[in-house]
Amino acid sequence: MAKEIKRILVTGAVGQIGSELTMALRKRYGSDNVVATGRKTAPSKELKESGPFYFIDVSKRETLEEVVKKHKIDTIVHMAAILSAVGEKNPMMAWDVNMNGTIVVLECAREHNMTQVLVPSSIAAFGPGTPLENTPNDTVLKPTTMYGVTKVAGELLCDYYVRRYGLDVRGLRYPGIISSETPPGGGTTDYAVAIYYEAVRQKKYTCFVREDTRLPMMYMPDCLKATMDLMAAPFETLKHHSDFNVGSMSFSAGELAAEIKKHVPEFKVAYEPDFRQAIADSWPRSLDDTCARQEWGWKPAWDLAAMTKDMLEALRKRHTAGKL
Ligand code: AKB
């Protein structure tokens, strides 16, 4: 019989996705049943006060183990990772945090006979040798960044734990995630978030990729839904485990700026590509997510126009309140 998710530990809970995912999980599974953990960054008041929070170093087994035992954790959602741009500046750190963190989480879950582990992957698992339009789920995985290398190795490692130990491990390849709550840190797709902040704050933005750079993106509510829907899917229906493509929308930096201009007509954007351009050019422009749709019913709800309206409304409110 399928085991039930009862007590979840989230690593990287102070990060862009982790912070909102923790709150959504607390809503669904109960506040005391979702333990948030972070490495160094102080948690927001909301995160700290709505349930348990601990500082741990996920690449050190003892610190994770202590919290797992104390809270009788049966599920780990492993969001802690060094992203693509920071990973290129410090490849050794990316390897250490991403690979050692993942294997520590998997080993801990195996030894404690856990119900489930979720380890997200990314479109960074793909590389220039992959078909870049409508990229299939199962295709060439030859990334050119250290982040991408750790994501491919992570996917393979997770699938190994499923096959070898029967551990229920799942993962999805996040596109660039756009949100108005916690800013992302150190990714290549960060421009698609920063552009909204600067449209509200300064009414001008210098974008670090070319105007014609097109990447797959997703709005946070869809990201939370995708993650929690995959967690809730019956294990038996999954043919894939740790490597689901999840598509939502794709647009170029220029199209994004044009959509924002509909709401902020005086908004000015300049383009000054830096080292992140080569990373963006090596990633898919759009995704084929048939496997996620067929195996666990994935369906996105947000498009560029609806997301832009919502993002600008949320950021304007915070700006007016002096909190941006
Ligand atoms: C990054 O840009 O590195 C991340 C990702 C696509 O995984 N946002």
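For ligands, and for the atoms within them, numbers begin at 1 and follow the listed sequence.
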For [X], the ligand 1 atoms whose distance to one of its heavy atoms is below 4.0 Å:
X    : result
L83  : 3 (O)
S84  : 1 (C), 2 (O), 3 (O)
T188 : 1 (C), 2 (O), 3 (O)
S122 : 5 (C), 6 (C), 7 (O)

(request) Determine the minimum heavy-atom distance between A257 and V269, stating which atoms define it. (result) CB-CG2, 3.8 Å
(request) Considering non-hydrogen atoms only, spot the tightest contact between Q116 and M231 and give its length. (result) NE2-O, 3.0 Å
(message) Starting from V97, can I reach L157 by hopping between I/L/V/M/F/W/Y residues whose side chains sit under 4.5 Å apart?
(response) no
(message) Let me confirm one number: the CG-CG distance from N137 to N245, rounded to the nearest 0.5 Å.
(response)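 Going from the CG atom of N137 to the CG atom of N245 covers 4.0 Å.
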(request) State whether Y271 and R210 meet the cation-pi test: NZ (Lys) or CZ (Arg) under 6.0 Å from the six-membered ring centroid, and within 45° of the perpendicular axis. (result) no
(message) Does any N or O of ligand 1 fall below 3.5 Å from an N or O anywhere on T189, backbone included?
(response) yes
(request) Before signing off on this row, confirm whether Y174 and ligand 1 have an N or O atom pair separated by under 3.5 Å. (result)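 Such a contact does not occur with ligand 1.
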